[in-house]
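A short worksheet on the structure shown next.
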There are 2 protein chains.
Amino acid sequence: MSADNLRPNQPVTIYDVAAAAGVSYSTVSRVLNGFEFVKESTRVKVMDAAERLGYVANLQARGLAGGRSNIIGLLVPVLDNSYVSEVMMGIDEALARAGFNLMLFTTHRHAGKEQQYASTIASMTDGLILLVPLESPIYLNAIRERNYPHVLVDQTDESGASASVSGTNWHGAYEATQHLIMLGHRRIGVITGLLELSSARERLNGYRAALQDYAIPIDESLIVEGDYLQPRGYEAAQELLKLRERPSAIFAMNDLSALGAMDAIRESGLSIPEDISLVGFDDIPQAAITHPKLTTVRQPLVQMGRIAVRLLLEQLDHPGSPPGHETLATQLVIRASSQPPR
Amino acid sequence: MSADNLRPNQPVTIYDVAAAAGVSYSTVSRVLNGFEFVKESTRVKVMDAAERLGYVANLQARGLAGGRSNIIGLLVPVLDNSYVSEVMMGIDEALARAGFNLMLFTTHRHAGKEQQYASTIASMTDGLILLVPLESPIYLNAIRERNYPHVLVDQTDESGASASVSGTNWHGAYEATQHLIMLGHRRIGVITGLLELSSARERLNGYRAALQDYAIPIDESLIVEGDYLQPRGYEAAQELLKLRERPSAIFAMNDLSALGAMDAIRESGLSIPEDISLVGFDDIPQAAITHPKLTTVRQPLVQMGRIAVRLLLEQLDHPGSPPGHETLATQLVIRASSQPPR
DNA sequence: AGGCGTTTTGCAAGCGCTTGCAAAATGTGC
DNA sequence: GCACATTTTGCAAGCGCTTGCAAAACGCCT
């Protein structure tokens with residue numbers, strides 16, 4: 001559909017559009033930015049010209065000049081992680097709908113340079129979504145200092161200064177544990193996330209609360225600290241299996257750990273769920289393709305991403321307003337990896 | 001003149017550095033860009049000042065002024081796809097090492113606006129990596145017109161005008177088919193990718209060649225077109241299972257399709273590999289966690305990402321030179337999903 | 001028709017950086 | 001010590017856009 005006019009090489013600028021529409025460049029800018037005091041007839045003229053010339057805004061220039069670059073940044077720790085991918089999907093989708101672009105930053109390889117990295121990010125984006133459990137404090141300092149719009153995903157923010165989205169960690173873990181208890185399990189091993197993370201602590205508390213409510217004594221040797229990654233889940237499960245009094249069920253506090261645990265259990269000659277029940281957390285896509293399919297606590301990951309975007313855009317649109325916080329309900333998804341103990 | 005305008009945001013500019021180092025701003029710019037004709041002593045002075053003030057380049061400004069923005073774009077079709085994630089990992093890693101940032105663009109939701117989308121991308125990045133099998137022709141037109149540096153991943157470029165990385169599709173498919181034949185299979189069903197994609201056609205040709213080499217007649221009803229996605233893999237497998245003369249093995253031309261096929265096979269009451277052998281392509285991480293583990297053709301996805309970056313940077317550094325093309329060896333990984341037919 | 005309050009519009013001044021060009025500094029040969 | 005070739009450096013002019021300010025148009029009143 002691109003028409004007959006022009007220089008395929010040199011991009012069309014607002015000056016070109018202005019000339020074509022017979023108005024000044026600032027008027028074009030105003031039309032393009034939806035400024036209110038523009039006569040309808042000139043608005044139409046400008047839009048037509050822009051359309052006709054195939055004008056596309058140069059976001060770098062826009063950003064430099066102090067307007068919005070319409071780019072938001074996403075800081076993630078790793079990429080080969082379904083949890084991350086799912087949240088990213090939601091973010092991307094919501095961003096696309098709002099007309100924003102996405103710039104992706106990974107934390108690794110920037111150790112010791114977080115401040116500068118944060119500055120770079122801030123110089124290029126209108127806001128930032130942090131999906132970075134561990135390093136987040138360092139980045140947060142740099143970012144809060146500048147009063148830069150941002151949202152935390154899956155992290156509780158003690159100070160309340162940052163907007164955030166997360167799941168009902170405590171409740172999800174409570175339900176998962178309760179599920180195993182109701183099935184008849186009494187020795188329930190647990191593989192946590194890094195306990196520096198609020199989500200990991202909350203889930204662990206949920207686990208403890210459930211045991212207490214059902215008057216099951218808590219055996220600290222059944223609690224093994226993991227890191228939400230598969231290899232550590234594998235090791236942690238091995239530790240649990242080595243206990244003199246082996247657990248009849250394991251609650252891995254995220255699915256990736258559960259995947260690792262699954263390997264370890266199978267490798268030790270035991271079978272799931274006959275010998276050991278296994279429950280995860282997150283409900284990443286893989287949870288449904290393992291054999292047996294994994295019972296888990298679903299977090300609405302995609303939606304978390306969408307909401308993160310909403311919270312961020314709210315900050316951009318209303319600079320003064322207090323940062324929003326959303327907590328989304330988790331849901332126990334019972335599949336084949338859990339059943340009553342023998 | 002520059003001293004007093006302070007916004008809390010990013011006070012340090014090259015002007016500040018210049019003042020602190022007692023040189024002109026253009027000298028600072030030259031030092032920062034590694035320009036050769038700068039006296040060593042001033043270079044040191046400037047670097048010191050920059051370091052001391054915590055200077056961080058504003059990439060938007062740099063980009064606008066015609067320099068490199070040090071941002072490269074990555075265009076992907078979807079995010080919740082291990083294939084994509086793996087390649088992205090390699091890209092991110094190589095980019096980080098080279099000091100580049102990554103801007104992520106997704107194709108969906110931009111139907112009909114590809115030209116403009118391409119312009120936007122071009123206005124913000126130094127180069128583009130396309131991981132977009134289907135829509136790629138549309139984008140390619142827009143991009144080649146501007147003679148914009150870019151690389152195709154996993155697509156053969158007929159015209160040779162675009163740099164590209166891909167795996168040995170033909171050979172990988174040949175080996176996979178040969179593997180099944182050697183096991184004794186004669187009726188080997190196949191689930192292809194969309195045949196508009198060069199990779200899908202090449203793989204199919206490899207399959208055909210293997211059958212021919214072993215003098216096995218080709219039964220077109222055993223060839224079902226898929227789309228490289230899981231749901232379609234599921235359906236395609238169902239079709240194959242419904243044939244009067246059921247295949248004893250299925251070669252899904254990517255792992256995602258194989259995952260779908262696995263579901264379909266299991267659902268129909270048959271078991272893998274006893275009743276039906278299954279082979280995939282790609283070796284995404286999931287292939288190793290299914291039960292049984294999937295025999296597949298490994299593509300060095302992460303490395304493909306790294307090489308894509310290398311090819312792109314070569315173009316940036318040597319604007320004149322012809323686009324590079326790399327083909328990486330695939331490797332048959334035999335796991336548990338394939339065995340001799342009953 | 002003249003006056004006044006409101007819209008609309010245009011101009012100029014940057015945002016932080018790169019770069020061509022010319023001036024300044026340095027070095028060389030005699 | 002001088003003329004000239006060679007580094008180094010600084011200045012100015014943008015890159016494409018936003019925005020404060022003031023001028024121009026317009027509307028409506030008397």
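Fair warning: this is a prediction, and the values are worked out from it, not measured in the lab. All values below come from the heavy atoms of this structure, side chains included, with hydrogens, waters and symmetry mates left out. Order of the sequence lines fixes the chain letters, A, B, ..., with proteins taken first and strands second; residue numbering starts at 1 for each chain.
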Quick one: is A/Asn58 getting a side-chain N or O under 4.0 Å of the D/dC15 phosphate, OP1 or OP2? no
Checking the side chain of B/Gln155 only, and the main-chain atoms of B/Ser164 only, is there a donor and an acceptor separated by less than 3.5 Å? no
Distance in angstrom units between B/Gln60 CD and C/dC15 C1', rounded: 10 Å
Between A/Asp126 and A/Asn70 (side chain of the first, backbone of the second, donor and acceptor by atom type, cut-off under 3.5 Å), is there such a pair? yes
Could you tell me how far apart A/Asn70 (CG) and D/dG16 (P) are, to the nearest whole angstrom? 19 Å
Test salt bridge (Lys or Arg N to Asp or Glu O under 4.0 Å) on A/Asp317 and A/Arg68 and set out the steps. CA-CA 11 Å; A/Asp317 289 337; A/Arg68 275 197 197 165; 2.7 Å; yes
Rounded to whole Å, how long is the line connecting atom CD1 of A/Ile14 with atom P of D/dT19? 12 Å
Results of side-chain hydrogen bond (donor to acceptor under 3.5 Å, both in side chains) for B/Asn33 - residues two or more places apart only: B/Ser29, B/Arg62
What is the ring orientation for A/Tyr117 with A/Phe105, classed by angle as parallel under 30°, tilted 30 to 60°, or perpendicular over 60°? perpendicular
Protein within reach of the bases, or only the backbone? For nucleotides 6-13 of chain D, mark each nucleotide 5' to 3' as B, S or -, using heavy atoms under 4.0 Å. --SBBBB-
Identified salt bridge (charged side-chain N to carboxylate O under 4.0 Å, His left out) counterpart of B/Arg306 within the set B/Glu86, B/Glu93, B/Glu326: B/Glu93
Difference in axis direction between the ends of the helix from C/dA1-D/dT30 to C/dC30-D/dG1, five pairs, 10°: 40°
Looking just at side-chain N and O atoms, do A/Thr125 and A/Tyr148 make a donor-acceptor pair shorter than 3.5 Å? yes
Of the candidate nucleotides C/dT18, C/dC15, D/dT19, which contains the atom at the shortest distance from the side chain of B/Ala65? C/dT18
Quick one: do the B/Ser85 and A/Asp80 side chains pair a donor with an acceptor below 3.5 Å? no
Separation of C/dG16 P from B/Leu64 CG (nearest whole Å): 12 Å
Length of the line joining B/Asn33:CG and C/dG20:P, which is rounded to integer Å: 12 Å
